[in-house]
Amino acid sequence: MTALDTASTSPSTCSAAVTPGSRDLRDLPEQRRILVTEVPGPLSRVMQKRRKEALPLGLGTMLPVFVERAGGGVIVDVDGNHLIDLASGIATTSVGASAPAVVSRVQEQVARFTHTCFLVTEYDGYVAVAEQLNRLTPGTHAKRTALFSTGAEAVENAVKIARAATGRSDVVVFDHAFHGRTLLAMAMTAKEIPYKAGFGPFPGEVHRAPYAYSLRWPGGRDHCAREALQELEALLDRVGADRIAAIVIEPLQGEGGFIVPAPGFLPSVAALAARHGIVLVADEVQSGIGRTGEMFASEHEAVVPDLVCTAKALGGGLPLAAVTGRAELMDAVPAGGLGGTYAGNPLACAAALGVFEMFHTHDLLARARRIEVVVREELEPLARELDVIAEVRGRGAMMAIELVRPGTLEPDPELARAVAAQCHSQGVLLLLCGTFGNVIRLLPPLVIGEDLLVEALDILAEALRSQL
Ligand SMILES: *Cc1c(COP(=O)(O)O)cnc(C)c1O
């Protein structure tokens with residue numbers, strides 16, 4: 001097939017696969033792993049060729065499979081393969097990729113109006129999402145919420161708000177942090193390749209402290225929380241605490257490797273920030289909205305951040321982000337200083353209300369906790385058996401294993417890639433993360449069936465064993 005043939009024939013080939021009437025689109029795809037071709041299959045390969053000619057290299061892809069439909073714990077590709085979804089579009093479709101409450105609310109909204117721009121005229125969905133976040137985020141103080149479209153935008157706006165409220169300039173972030181791909185968020189992100197290399201110079205006044213990563217703490221696990229806090233205190237002394245507007249922290253690090261901070265670290269960071277009048281910003285873009293078995297990961301250690309950033313799962317797959325926080329901080333920015341043309345789009349707000357409804361009607365926090373139990377039951381014995389697994393860690397439906405060379409702490413990203421590739425070819429979609437690329441992360445939709453989850457974990461275990 002020539003390139004021209006590819007371009008002219010594949011759209012119709014693919015649209016044939018989604019012809020309405022061939023099945024009821026309101027039904028979930030069959031909740032079963034089904035492989036009818038190799039993965040990626042022939043139709044995905046044709047699409048991939050077109051993609052390569054139309055899109056820049058800088059857009060990476062974990063698994064070059066084109067999707068026809070998705071829902072529950074299954075992604076159906078254009079070749080008809082049913083893959084088990086342990087990625088949820090990087091924790092965006094936590095309530096499922098076609099959750100009824102999300103789909104029906106968005107359909108209802110799109111028929112009424114698509115957009116007004118909230119800075120021009122208002123609509124109730126925006127206010128209702130803000131009310132929900134004000135109620136659900138940690139702490140009983142008076143709160144306000146401003147909506148945005150992406151996680152990076154939420155993080156940047158949290159810094160703007162902290163600067164406006166404190167009259168200070170500097171920001172403290174952590175090793176292994178990921179805060180997004182815009183210039184300031186990139187400056188706040190730790191990992192050089194692929195996120196930062198070649199994209200500088202970056203905004204200044206961003207300082208980095210160690211995160212309480214107990215597996216790799218030089219002084220040992222037992223001293224991690226205390227020594228990491230001492231290093232943060234030393235940084236504040238060096239910079240001058242009265243110059244620091246915000247400490248921005250992921251209460252459970254995402255891209256950096258699903259790192260659960262050593263117990264006690266988060267509360268002591270919060271206390272330190274409070275003592276110095278520094279705004280504590282929890283970046284809950286990945287960990288928030290129920291992913292960890294609490295609505296917010298900060299709650300596991302009863303931390304009450306001053307500002308909370310959410311995105312990813314908030315919009316149930318539609319682009320929506322938020323900064324929620326203390327009313328007096330949020331109100332420090334004069335009218336017109338916050339917002340954006342698409343920020344808080346009505347369709348995304350309708351979707352978010354569907355997400356909150358799903359948590360309520362399907363008890364999704366309990367489902368997230370149950371996922372942790374199932375994952376630990378399967379992977380902890382495996383970690384005892386295989387000395388390439390340094391640690392099984394995470395909370396709720398945000399679990400990971402860190403892979404190392406046997407008997408050492410030396411990261412093994414090649415093994416992680418090989419295991420992921422084998423899982424992909426077996427119809428299990430999972431992702432990697434970690435500063436060293438050696439962490440396999442599991443982000444199943446909270447609505448995944450337990451049988452599917454167990455099957456996927458069995459395939460992961462088998463892949464690990466067969467690579468050794
Ligand atoms: C994904 C992520 C971001 C960036 O979100 P985008 O929507 O990609 O801009 C920021 N912080 C954390 C913790 C994330 O996981």
Side-chain angles (χ1 to χ4, degrees), residues 58-62 87-94 137 146-160 162 171-191 194-196 199 202 206 208 211 213 246-261 266 280-292 295-298 300 303 305 307-324 340 342-345 348 351-352 355 394-400 431-435 439 441-443:
L59 297 166
T61 298
M62 186 63 186
S88 303
I90 320 187
T92 54
T93 53
S94 291
T137 46
L147 297 180
F148 304 96
S149 304
T150 70
E153 223 187 330
V155 169
E156 296 229 0
N157 277 281
V159 172
K160 281 170 62 177
V171 179
V172 171
V173 293
F174 292 86
D175 288 340
H176 310 288
F178 182 85
H179 297 294
R181 295 170 184 274
T182 54
L183 263 175
L184 177 59
M186 243 194 310
M188 294 166 65
T189 289
K191 193 172 175 175
Y195 302 130
K196 303 174 77 166
F199 298 138
F202 299 109
V206 175
R208 198 168 301 283
Y211 196 77
Y213 186 178
I247 296 176
V248 183
I249 189 163
E250 292 161 271
L252 195 169
Q253 282 190 324
E255 301 303 305
F258 279 28
I259 304 164
V260 181
L266 270 187
L280 182 74
V281 180
D283 180 350
E284 294 245 19
V285 167
Q286 192 157 166
S287 60
I289 317 294
R291 177 50 58 182
T292 66
M295 212 55 192
F296 296 92
S298 301
H300 291 283
V303 166
L307 301 177
V308 179
C309 299
T310 47
K312 291 197 165 87
L314 175 62
L318 274 77
L320 190 66
V323 179
T324 302
Y342 274 112
N345 166 268
V355 167
R395 296 190 195 278
M398 191 170 178
M399 299 294 297
L431 305 174
L432 304 180
C433 65
T435 299
V439 177
R441 59 169 149 175
L442 309 177
L443 287 169

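Small disclaimer: the values here were computed from a predicted structure and weren't measured. Counting starts at 1 for both ligands and their atoms, following the listed order.
- The shortest side-chain heavy-atom distance between Gln253 and Phe174 falls under the 4.5 Å cut-off.
- Here the OG atom belonging to Ser287 is positioned 12.0 Å from the CE atom belonging to Met295, to the nearest 0.5 angstrom.
- Which parts of ligand 1 touch Phe178 is read off a 4.0 Å heavy-atom cut-off, strictly below it: atoms 1 (C), 2 (C), 3 (C), 4 (C), 11 (N), 12 (C), 13 (C), 14 (C).
- Between atom 10 (C) of ligand 1 and the options Gln286, Glu255, His179, the minimum heavy-atom separation is to His179.
- Of the listed residues (Val171, Val155, Thr189, Val206), just one forms a side chain to side chain contact (heavy atoms under 4.5 Å, CB included) with Leu184, and that residue is Val206.
- A cation-pi geometry, defined here as NZ or CZ lying under 6.0 Å from the six-membered ring centre and within 45° of its normal, does not hold between Lys191 and Phe178.
- Considering backbone and side-chain atoms together, Glu250 places no N or O closer than 3.5 Å to any N or O of ligand 1.
- Within the 4.5 Å cutoff, the side chain of Thr310 has no heavy atoms near those of the Thr137 side chain.
- Checking only distances, Lys312 does come within under 3.5 Å of ligand 1, N or O to N or O.
- Heavy atoms of Ala152 found under 4.0 angstrom from ligand 1 belong to the backbone as well as the side chain.
- Considering backbone and side-chain atoms alike, Val155 places every N or O at 3.5 Å or more from each N or O of ligand 1.
- Where the criterion is an N or O separation shorter than 3.5 Å, residue side chain and backbone included, Val285 fails it with respect to ligand 1.
- Those atoms of ligand 1 with a heavy atom of Asp283 less than 4.0 angstrom away are 10 (C), 11 (N), 12 (C), 13 (C).
- Listed by number with element, the atoms of ligand 1 under 4.0 Å from a non-hydrogen atom of Thr150 are 7 (O), 9 (O).
- Near Gly151, meaning under 4.0 Å from any of its heavy atoms, are these atoms of ligand 1: 4 (C), 5 (O), 6 (P), 7 (O), 9 (O).
- Under a 4.0 Å N-O distance rule, the pair Arg441/Glu255 qualifies as a salt bridge.
- Side-chain contact between Met399 and Phe258 is absent, with no heavy-atom pair separated by less than 4.5 Å.
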